[in-house]
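As structure tokens, the structure follows; a few thoughts come after it.
Note: hydrogens, waters and symmetry copies are ignored here, and every other heavy atom, side chains too, is used. Just so it is clear, the model here is predicted, and its values are computed rather than measured. Throughout, protein chains are lettered first and strands after them, A, B, ... in sequence-line order, and every chain is numbered starting at 1.
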Amino acid sequence: MRMKKLRNGKLKLWAVLFWLAVWQIAAMITDLPLILPAPADVFVRLYHLVREGSFWASVLNTFSHIALGFSAAFVLGAALAFLASRFRLVRDLLAPLMLCVKSIPVASFVILAIIWFTKYWLSSLIAFTMVLPVIYTNLLDGLSALDPQLTEMAAVFRLSAWKRFRYVDLVQLLPFLRTGLSVSLGLCWKSGVAAELIGVPKGTVGQQLYNAKIYLETTDVFAWTLIIVVISILFQKLIMGLVWLLSRRLERM
Amino acid sequence: MSDIVVHSLSKAYDGKPVLQNVSLRFPGGRVSCLMAPSGTGKTTLLRILAGLTPADSGSVEGLEALQVGMVFQENRLLPQFSALDNVRLVCPHLSRSALTEAFAAMGLTDAMDKKARDLSGGMARRVALLRALLSDADVLLLDEPFGGLDKKTRKAVAKACKDLLRGRTCILVTHDPKEPALMDAKVLTL
């Protein structure tokens, strides 16, 4: 019997429209814009926000900080995973640290970060903290799962270190890299903006969201949330697109 | 090319002896066919010669400074790469036309640009064989290289193998009593 492959990644326009209609109906039934604004009102507000200079400044500020934290975590996570796969001492040393970082709630990290550092780097620091263990764990799993038979083949034919890395190891690591990135990309945005919301650094999306909450501007809360979702998806698509291009390139000699 | 001489080689796994005091001489520049029943340590001997497994005792003479190429029991191809790229990885110096000719001799013209993961068992086996034969190796260790090939293909592949060996030392492990004749090989037993 042929099994139908389930695909859960693609968004269907009709499904999006359906949920927008549900939202619209719920807003009409409650008729309390302070609690649940209508989607049309949110989109109008969004249109006005986009035309303000401070909007782009806030978005750029938050984006650059989170992207920086993400990139730093990726580089360090990959380097540590490589070292841990080579040296048991490093692996044993890092195990409790990574477990700790994974288990501590974001809010606790945010409070500690505010006490220890400046608020300016808050979202970078939190994105870094959330992404580091995910990248580290996934790449370490990948490095542990490298096919020993292919490693032996490379040794017998005396492939150079670069060839072994590029053609034998990296290609096997790609699925683990993809999973690690996919999980951490969503995580870094959620945690980064949550950190900004608690720490309220100036000129950030988190601060805008905080102000909207303080002044009970629920439409603004929805609009800013929508912006966060859109940027998060675009960032995810960009990085996963780059990984897709990289994997295509890596499968050619 | 000098002979490869194995002196009193022994190897045990978890206390269970696999090779016990084995001494053999493989003539240089010729094909030697090592025949023995299953479980008598033929693959272990090849792995020791390839430098993949250390022997518990004994020594090997004549392999110093020589490069070894191997066809393992498994094909060990990189599944994401094409058959051509798998071969090119170990012999980047060969031109496309030389590679095309070698693929044709093995009956693999249609398989050249296919990903290794999409090759049939017989095709993958021939690609693994071609990879070793086209490499710069001075000594070739072939562990049941014709496994999974039908009689007709086996004959054609054996002929191509002999052409590509170009006088290099080759140690072939097999169960099939017809293979030594196919390869004009000297028969040795464990």
Subject >> For the student: nearest non-hydrogen atoms of B/F81 and A/R166, plus distance >> reply: CZ-NH1, 4.2 Å
Original post:
What are the two closest heavy atoms between A/V171 and B/Q80, and how far apart are they?
Top reply: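 Taking A/V171 first and B/Q80 second, the nearest heavy atoms are CG1-CD, 3.0 Å.
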I'd like to know whether [atom1] of [X] has more than 12 heavy-atom contacts from other residues, nucleotides or ligands below 6.0 angstrom.
{"X": "B/R117", "atom1": "CZ", "value": "yes"}
{"X": "B/Y13", "atom1": "OH", "value": "yes"}
{"X": "A/R88", "atom1": "CZ", "value": "no"}
{"X": "B/K115", "atom1": "NZ", "value": "yes"}
{"X": "B/D110", "atom1": "CG", "value": "no"}

**OP:** Verify side chain to side chain contact (heavy atoms under 4.5 Å, CB included) between A/F157 and B/Q67, making sure each step is shown before the conclusion.
**Re:** CA-CA 8 Å; A/F157 288 107; B/Q67 193 172 329; 5.7 Å; no
**OP:** To the nearest 0.5 Å, tell me how far A/R252 CZ sits from B/D85 CG.
**Re:**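 So the gap between those two atoms works out to 10.0 Å.
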Original post:
Out of curiosity, A/E251 CD to B/S82 OG, how far, rounded to the nearest 0.5 Å?
Top reply: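 One gets 10.5 Å once the value is rounded to the nearest 0.5 Å.
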Original post:
If only atom types and distance count, is the side chain of B/R76 paired as donor or acceptor with the main-chain N or O of A/Q149 below 3.5 Å?
Top reply: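 Side chain of B/R76 to backbone of A/Q149: a pair is present.
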**OP:** I would like to know whether B/R47 and A/E152 meet side chain to side chain contact (heavy atoms under 4.5 Å, CB included); could you show each step before the answer?
**Re:** CA-CA 10 Å; B/R47 289 181 62 83; A/E152 274 190 353; 2.4 Å; yes
Original post:
Among B/N86, B/L78, B/L77, which one satisfies side-chain contact (heavy atoms from CB on, under 4.5 Å) with A/M153?
Top reply: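 Considering B/N86, B/L78, B/L77, a side-chain contact (heavy atoms from CB on, under 4.5 Å) with A/M153 is found only for B/L78.
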Original post:
Can you tell which of B/A137, B/A50, B/A132, B/P79 has the highest number of heavy-atom pairs within less than 4.5 Å of chain A?
Top reply: B/A132
